[in-house]
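Numbering of ligands and ligand atoms starts at 1, following listing order. Positions are given from 1, in the same order as the sequence printed here.
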Amino acid sequence: MRKVRIGALVSGGGTNLQSVLDAIGRGEINGEVVVVISDRPEAYALERARKHGIKAVHMDRKKCGTGIQAELEGMQVDVVVLAGFLTILDRDFVKAYEGRIINIHPSLIPAFCGKGFYGEKVHRAAVEYGVKVSGATVHFVDEGTDSGPIILQAAVAVAGDDTAETLAAKVLEIEHKLLPEAVRLYCSGSLRIEGRIVRISGEGC
Ligand code: GRF
């Protein structure tokens, strides 16, 4: 089976990107990351790409609309993985890649998501709300924010003495398992979108 060509969009340290690269390195994913694009020149995720000999591109936020699509098309990318990408995507781009953009969000969507909920803000809101469970969600991207069909979720217990920082660390650990698994499922052709529902073949569907 041909290897699925993956493009990653990043803004930060790239630990989620690294978890996908490591899973690919272990032979667990029928895919290869062919380009990593960041809206931040200083994103360490770009350095992680370079270390793996992967094309690493800084794209100014103003160009993040058509520029990203042109770069991905130029690299013949099949699926786009948002691994901590903070710029809102161009609507035309999302339409053109419908069903082929995967995002990871550090909460159990639909809780603590949407406009303004990113990074530590998500965990601070969860701790302040007093939830007993939080976690991570991997979903397909639609024209909304964190609103596309959910692929996988995993939960973590929120302890009484948890802070936004300690919760963030717990959730990040989960993310590093969830994102590679979602990418593995996509690259093995195991995901089918039926309206809001993502069917995973081999899972009683
Ligand atoms: C993760 O918490 C992810 O859920 C969110 O951005 C963060 C990215 O972290 N979208 P990293 O850059 O992958 O370390």
Nearest 0.5 Å please: distance from the [atom1] atom of [X] over to the [atom2] atom of [Y].
X	Y	atom1	atom2	value
C187	E28	SG	CD	12.5 Å
H139	I102	NE2	CD1	10.5 Å
L89	N103	CG	CG	8.5 Å
F117	R124	CZ	CZ	11.5 Å

Considering both backbone and side-chain atoms of [X], is one of its nitrogen or oxygen atoms within less than 3.5 Å of a nitrogen or oxygen in ligand 1?
X	answer
G12	no
G13	yes
H105	no
I104	yes

Item to complete: Could you list all the side-chain hydrogen bond (donor to acceptor under 3.5 Å, both in side chains) pairs where at least one residue sits in residues 109-120, not counting sequence neighbours?
Response: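 Only Y118-K121 qualify under side-chain hydrogen bond (donor to acceptor under 3.5 Å, both in side chains).
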Practice prompt. Could you tell me whether ligand 1 has any atom less than 4.0 Å away from a heavy atom of A45?
Written response: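 No, A45 has no heavy atom closer than 4.0 Å to ligand 1.
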Item to complete: Taking only Lys NZ, Arg NE, NH1 and NH2, and the carboxylate oxygens of Asp or Glu, determine whether E173 and K170 approach each other closer than 4.0 Å.
Response: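 No salt bridge links E173 with K170.
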Measure the distance from [atom] to every protein heavy atom, then report the residue, atom name and distance (to 0.1 Å) of the closest one.
atom	value
atom 12 (O) of ligand 1	G14 N, 2.8 Å
atom 14 (O) of ligand 1	T15 OG1, 2.5 Å
atom 6 (O) of ligand 1	G84 CA, 3.4 Å
atom 3 (C) of ligand 1	E175 OE1, 3.0 Å

Worksheet item: Would a 4.5 Å heavy-atom cut-off, applied to side chains only, mark T137 and L152 as touching?
Response: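 They are not in contact (no side-chain heavy atoms under 4.5 Å apart), so the answer is no.
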Worksheet item: Is the backbone of P110 close enough, under 3.5 Å, to the side chain of D146 for a donor and an acceptor to pair up by distance?
Response: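 Side chain of D146 to backbone of P110, a donor-acceptor pair under 3.5 Å: no, none is there.
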Worksheet item: Which of the atoms in ligand 1, numbered in the order shown and given with their element, are less than 4.0 Å from a heavy-atom of P106?
Response: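 Contacts of ligand 1 toward P106, numbered from 1: 4 (O).
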Worksheet item: Heavy-atom contacts under 4.0 Å between Q18 and ligand 1: side chain, backbone, both, or neither?
Response: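 Neither part.
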Worksheet item: So which of N16, V20, L82, I174 gets nearest to atom 13 (O) of ligand 1, if we judge by its closest heavy atom?
Response: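 Closest candidate by heavy-atom distance is N16.
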